[in-house]
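Reviewing the structure listed below.
Reminder, nothing fancy here: chain letters follow the sequence lines and each chain counts from 1. Here the structure is a predicted model, which means the values were calculated and not measured.
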Number of protein chains: 2
Amino acid sequence: MTAKQQERIEQMLRLNKLSVTETRTKMLEMFLQSKSALEHASFEKLNGKAFDRVTIYRTLQTFLDKGIVHKIPTTDTSVRYALCKSDCKEHEHHDHHIHFQCDNCGSTTCLDGTDVPPIQLPNGFAAKNVEVVVSGVCKECK
Amino acid sequence: MTAKQQERIEQMLRLNKLSVTETRTKMLEMFLQSKSALEHASFEKLNGKAFDRVTIYRTLQTFLDKGIVHKIPTTDTSVRYALCKSDCKEHEHHDHHIHFQCDNCGSTTCLDGTDVPPIQLPNGFAAKNVEVVVSGVCKECK
DNA sequence: GTAACTGCAAAATATTTGCATCCTT
DNA sequence: AAGGATGCAAATATTTTGCAGTTAC
């Protein structure tokens, strides 16, 4: 990890009033380095020293609470997480981007440059958040 | 259950080469009567005789395999199911409608009349299916 | 030093599998 | 009668909780 990245991670944690620990730093490092969304299992099967199962659950929950990561909806039971953009605040997410799930390699990617089109809802429904999950074949697998 | 509904359910099952059993009939009846999507737990907490846990798992999987129901993506771990339109075939779903998840009552609804807008993907990605999940406050809770 | 974080053990939940029995065709 | 469907028991897998020891500030 570069000094710059280390700095960035520490800042993310401090901004959210979280102490800088080894587990949190390494998990955030994984998020920053990964092109696709991560799931609980991603953190368990590390080469070398793995994280404790329980700590992973708790750390992911903390990151969610603070708005550092967001969950990505899936049709399988797996829950996937990805880093939020910098303008997400606690309990106030602004992730208006599209998620892409590859049927071939199973990876989930946030397509940051792609906007979610406006959705027309029936009368009586008030939209607060829109999630778009496109599935198909990703760039790498094509 | 009306005779007409009974007839409809039997037809759904026969069309998919499934034998008409009490569990399947009652579960389909629940799907037909429910305005919102159902989850595993919905079938467990029935007044009166409940279904066996394992049978529910197996029946939902069978319905999925045959294209009778589809899964709805969620950000919590819960998996929800809703009836497919009649033109869904085995392993070939055509559910291009929007799902609405209420933050207040937790219900998930299929908005059948609402179309999914075309999504522009980055180069290299090939879309096969698009899922849109809007969350907010539903008609009933407003 | 204190509060927050982690790791182990164990409890609570959720899901899957095997097999004997029962029901639909 | 035969194959499929169900229900029970038990094996797995997943998630949560409690608590004692450790680390960050």
Side-chain angles (χ1 to χ4, degrees), chain A residues 6-31 37-46 48-66 68-69 71-81 90 106, chain B residues 6-31 37-46 48-66 68-69 71-81 90 106:
Chain A
Q6 172 80 40
E7 178 57 35
R8 181 176 169 192
I9 287 171
E10 287 191 17
Q11 206 166 48
M12 285 171 78
L13 289 171
R14 284 191 220 288
L15 271 174
N16 287 288
K17 299 192 184 69
L18 295 173
S19 45
V20 180
T21 67
E22 195 189 336
T23 308
R24 287 179 182 159
T25 304
K26 287 204 176 160
M27 280 179 66
L28 282 179
E29 197 186 340
M30 283 179 70
F31 272 118
L38 299 175
E39 54 190 326
H40 181 95
S42 317
F43 300 100
E44 279 192 275
K45 45 185 176 189
L46 285 181
K49 189 190 151 202
F51 303 111
D52 182 75
R53 207 179 261 279
V54 178
T55 304
I56 299 170
Y57 281 116
R58 288 196 272 226
T59 305
L60 288 173
Q61 186 58 53
T62 303
F63 288 173
L64 270 183
D65 289 346
K66 295 296 185 177
I68 297 174
V69 302
K71 279 192 191 182
I72 298 176
T74 52
T75 46
D76 48 48
T77 324
S78 79
V79 187
R80 284 163 191 271
Y81 304 83
E90 193 162 347
Chain B
Q6 172 80 40
E7 177 58 34
R8 182 177 169 191
I9 287 172
E10 287 191 17
Q11 205 167 48
M12 284 170 77
L13 290 171
R14 284 191 220 288
L15 271 173
N16 287 289
K17 300 194 184 70
L18 295 172
S19 44
V20 180
T21 65
E22 195 189 336
T23 307
R24 288 180 182 158
T25 302
K26 286 203 175 160
M27 282 179 65
L28 283 180
E29 197 187 340
M30 283 179 70
F31 272 117
L38 300 175
E39 54 190 324
H40 180 97
S42 317
F43 300 100
E44 280 192 274
K45 46 185 176 188
L46 286 181
K49 189 191 151 202
F51 303 112
D52 182 75
R53 206 176 261 279
V54 177
T55 304
I56 299 170
Y57 280 116
R58 287 197 273 228
T59 304
L60 287 173
Q61 187 57 54
T62 303
F63 287 173
L64 270 183
D65 290 345
K66 295 295 185 176
I68 297 174
V69 302
K71 279 191 187 180
I72 297 175
T74 52
T75 45
D76 48 49
T77 324
S78 79
V79 187
R80 284 164 190 270
Y81 304 84
E90 193 161 347

For the side chain of [X], counting heavy atoms from C-beta on, which of [options] is nearest?
| X | options | value |
| --- | --- | --- |
| A/S19 | D/dA5, D/dC25, C/dT15 | D/dC25 |
| B/V54 | D/dC8, C/dT15, C/dG7 | D/dC8 |
| A/R24 | D/dT6, D/dC8, C/dC5 | C/dC5 |
| B/T55 | D/dT6, C/dT6, D/dC8 | D/dT6 |
| A/Y57 | C/dC5, D/dT15, D/dA5 | D/dT15 |

[Y] and [X], any side-chain heavy atoms less than 4.5 Å apart:
| X | Y | value |
| --- | --- | --- |
| A/L38 | A/M27 | no |
| B/D65 | B/Q61 | yes |
| B/T59 | B/F51 | no |

Notebook entry, point to check: Could you walk me through whether A/Y57 and A/F43 pass the side-chain contact (heavy atoms from CB on, under 4.5 Å) check?
Noted result: CA-CA 10 Å; A/Y57 281 116; A/F43 300 100; over 6 Å; no
Whole-Å gap separating [atom2] ([N]) and [atom1] ([X]):
| X | N | atom1 | atom2 | value |
| --- | --- | --- | --- | --- |
| A/K17 | C/dC5 | NZ | C1' | 18 Å |
| A/D65 | C/dC5 | CG | P | 11 Å |
| B/E39 | C/dA14 | CD | C1' | 13 Å |
| A/I56 | C/dT6 | CD1 | C1' | 12 Å |
| A/L28 | C/dC5 | CG | C1' | 15 Å |
| A/Y81 | D/dT15 | OH | P | 8 Å |
| B/E22 | C/dT24 | CD | C1' | 13 Å |
| B/L13 | C/dT24 | CG | P | 12 Å |

Notebook entry, point to check: Quick one: the side chain of B/R58 and the base of D/dG4, do they pair up donor-acceptor inside 3.5 Å?
Noted result: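 Under the 3.5 Å cut-off, the side chain and the base do not form any donor-acceptor pair.
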Check: With sugar-phosphate meaning primed atoms plus P, OP1 and OP2, does B/T23 contact a base, only sugar-phosphate, or nothing at under 4.0 Å between heavy atoms?
Finding: sugar-phosphate
Margin query: With side chain to side chain donor-acceptor pair (under 3.5 Å) as the criterion, how do B/E7 and B/Q11 come out once you've worked through the C-alpha distance, each side chain's angles and the decisive distance to 0.1 Å?
Written below: CA-CA 6 Å; B/E7 177 58 34; B/Q11 205 167 48; 4.6 Å; no
Item checked: Contact under 4.0 Å: B/T21 side-chain N or O vs D/dT6 OP1/OP2 -> yes
Check: Toward the 5' end of DNA chain C, which comes first, B/R53 or B/R14, by nearest nucleotide?
Finding: B/R53
